[in-house]
Amino acid sequence: MIDLKRLRQDPAGSRTSLMRRGDPSVATAIDSILELDRQRREFLVRTEAIKAERNAASDEVARRKRAKESAADIMEGLKSSGEEVKLLDIKLRDIEAELDSLALTIPNFPDERTPEGDASANRLIRSWGQPPAFDFVARPHWELGASLRLFDLPAGVKVAGSGFPLFTGMGAKLGRALASFMLDLHTSEHGYLEIAPPYLVNRATLTGTGQLPKFAEEVYTCSPDDLFLIPTAEVPVTNIHRDEIIEAGALPASYVACTPCFRREAFSHGKDTRGLIRVHQFDKVELVRIVRPEDSVAEHERITTHAETVLQRLGLPYRVVELAAGDTGFASARTYDIEVWAAGVGGWLEVSSSSTFTDFQARRANMRYRPSPKAKPEFVHTLNASGVAFPRTIIALLENNQAADGSVRVPDALAPYLGADRLTPRA
RNA sequence: GGACAGGUGGCCGAGUGGUUGAAGGCACCACCCUGGAAAGGUGGCAUACCUGCAAGGGUAUCGAGGGUUCGAAUCCCUCCCUGUCCGCCA
């Protein structure tokens, strides 16, 4: 949720900032919000004045009753003001409901440093490692995976539908190995607390992180229960502290969780449909940090390096890209995408998105902390980064480490977890 | 799913329809006491919104939403959650 006070105090600046996202509909939404906010205050002042009179008169009734005097005249007069208050309260509640539902659709203010423009203006920050060179034609992962019997995509289609991969044998074990490797790295070396959250969450939780109400088409619903399959562990983990005043000593809080992620990909049909590149269900290790506002810039760099470490340990070449304002997600103020090189498909694949949400999610989820024992509570800042997503990591592992004979070398960091240093096609 | 018992501030916990935003305690903060600390003493200590240059003033909030009433933490209804027991179940 954006800060309505900021919007009210600096409408022009707020508008300019939000317009950098390239969505012109935001401008009219802002105008409506400002008007509703004005109406809200107008009705609030009127209603509260009447309530103050009523409360004073009620106190007088109480005083007289204690003194054993009659209060019938006052009570008679108060009957009608009760009705008036009720009507004004309803009017006020309607205005506030409209205001809130509109405010929930406004994206976060992009950070001033984000590049101007759409995805074509994304900025390369740094890269690590060298894409491998082969003296044979690199095969794509779907061929390698089939010949190595790591997954059976037609079986996944049969039991669920397209985009629901089914892993077999060493392919299934590879998922377990990646989970253990990444969780061990983040818990023992980066200091994260491991969380195993629910995979189904309620409406308030999904609103807190920003998926609802605007992106309802992107999440799977569980009718008739008002529950939703998580699109990322960010959702349940960030909401751990919803409606809390967090102990200042507990900050920064850092959590890591490995969960399946469910995404309808409603607007991406036809894109990257081959193999494991874009699927409806996948596993991902997610890092979440809840920090003091003044720390969030440095924390963003830190969480990004935590994600990068995963790829470095696995020996996978990658690059870090800062997203332009027009490509930055709804709740995010600033995002780095980490893209891994995949030799078979010959491209860079996003395996991690590392974002700072400033106080946007904290406002929605009402997560605050007390800077000092006597100070007023303030909103925390939230950040998250994938650390990292499995399918595209698997793609890179297979495609970059393949040999001419169709076997695949397993990186040293992963071999102990997998119990093998090479995957070999069975005869 | 059924039957009871509950949901009150950061935490615990009291609360007869009317100075109860809410006793008391813990925690926390300031001061006193001390060489320093502990113990003890005194005082302070909810949140949001509106209004005001400010001091301040106002409104709302006792799980959520309705209702009764001049007035609800307190009475009634619905829902949610927690505990205990029963049933079912991996």
Side-chain angles (χ1 to χ4, degrees), chain A residues 1-9 33-104 196-208 212 222 224-228 236 239-251 253 290 292 359-380:
Chain A
M1 182 96 94
I2 55 160
D3 184 357
L4 288 183
K5 267 191 201 138
R6 173 172 169 186
L7 197 61
R8 191 194 304 157
Q9 283 161 4
I33 286 172
L34 289 169
E35 171 57 19
L36 284 164
D37 181 57
R38 193 193 59 72
Q39 282 181 31
R40 174 180 154 268
R41 276 176 294 144
E42 184 186 311
F43 273 97
L44 197 60
V45 168
R46 273 171 62 190
T47 308
E48 289 189 350
I50 294 168
K51 283 182 177 174
E53 278 177 44
R54 184 199 58 184
N55 289 347
S58 277
D59 286 348
E60 177 61 18
V61 171
R63 220 169 284 129
R64 290 207 199 167
K65 292 241 169 176
R66 266 196 305 277
K68 309 271 192 239
E69 295 168 16
S70 166
D73 53 330
I74 302 177
M75 283 161 63
E76 192 55 37
L78 279 171
K79 272 185 184 162
S80 60
S81 93
E83 289 303 309
E84 190 181 2
V85 165
K86 196 172 288 181
L87 287 172
L88 282 168
D89 271 343
I90 289 169
K91 178 73 182 165
L92 195 56
R93 203 183 48 195
D94 289 348
I95 291 171
E96 281 178 346
E98 201 181 338
L99 180 61
D100 284 347
S101 67
L102 206 52
L104 285 172
Y199 302 158
L200 264 58
V201 293
N202 58 35
R203 191 172 288 274
T205 293
L206 227 29
T207 306
L212 287 181
C222 299
D225 300 302
D226 202 27
L227 292 170
F228 307 83
N239 275 276
I240 288 173
H241 295 292
R242 192 175 73 241
D243 292 324
E244 283 184 14
I245 298 174
I246 305 165
E247 283 296 324
L251 299 179
I290 298 173
R292 294 165 181 262
D359 62 358
F360 188 82
Q361 291 182 329
R363 283 177 189 283
R364 291 180 158 241
N366 189 27
M367 295 189 287
R368 295 171 295 170
Y369 82 108
R370 220 179 278 281
S372 64
K374 301 208 74 163
K376 275 168 67 78
E378 279 181 31
F379 289 111
V380 296

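Below, chains carry the letters A, B, ... as their sequence lines are ordered, and counting in each starts from 1. Computation of the quantities below employed the complete heavy-atom set of this structure, encompassing side-chain atoms and omitting hydrogens, waters and symmetry-equivalent molecules.
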For [X] and [N], is the shortest distance between a side-chain N/O and OP1 or OP2 below 4.0 Å?
X: Arg54(A); N: U59(B); value: no
X: Lys65(A); N: C70(B); value: no
X: Arg93(A); N: G66(B); value: yes
X: Arg63(A); N: G18(B); value: no
X: Lys86(A); N: U68(B); value: yes
X: Lys5(A); N: C49(B); value: yes
X: Asn55(A); N: G71(B); value: no

Measuring only the [atom1] atom in each nucleotide, how far is [N] from [M]? A whole number of Å is fine.
N: C50(B); M: A38(B); atom1: P; result: 42 Å
N: G83(B); M: G13(B); atom1: P; result: 15 Å
N: C31(B); M: G7(B); atom1: C1'; result: 38 Å

Answer whether the closest heavy-atom distance between the side chains of Phe228(A) and Leu212(A) falls below 4.5 Å. yes

Checking Asn202(A) against Thr205(A) for the side-chain hydrogen bond (donor to acceptor under 3.5 Å, both in side chains) test, could you report, in this order, the C-alpha distance in whole Å, the side-chain angles of both residues, the deciding distance, and whether it holds? CA-CA 6 Å; Asn202(A) 58 35; Thr205(A) 293; 2.9 Å; yes

Can you measure Arg370(A) atom CZ to G9(B) atom P for me and round it to whole angstrom units? 14 Å

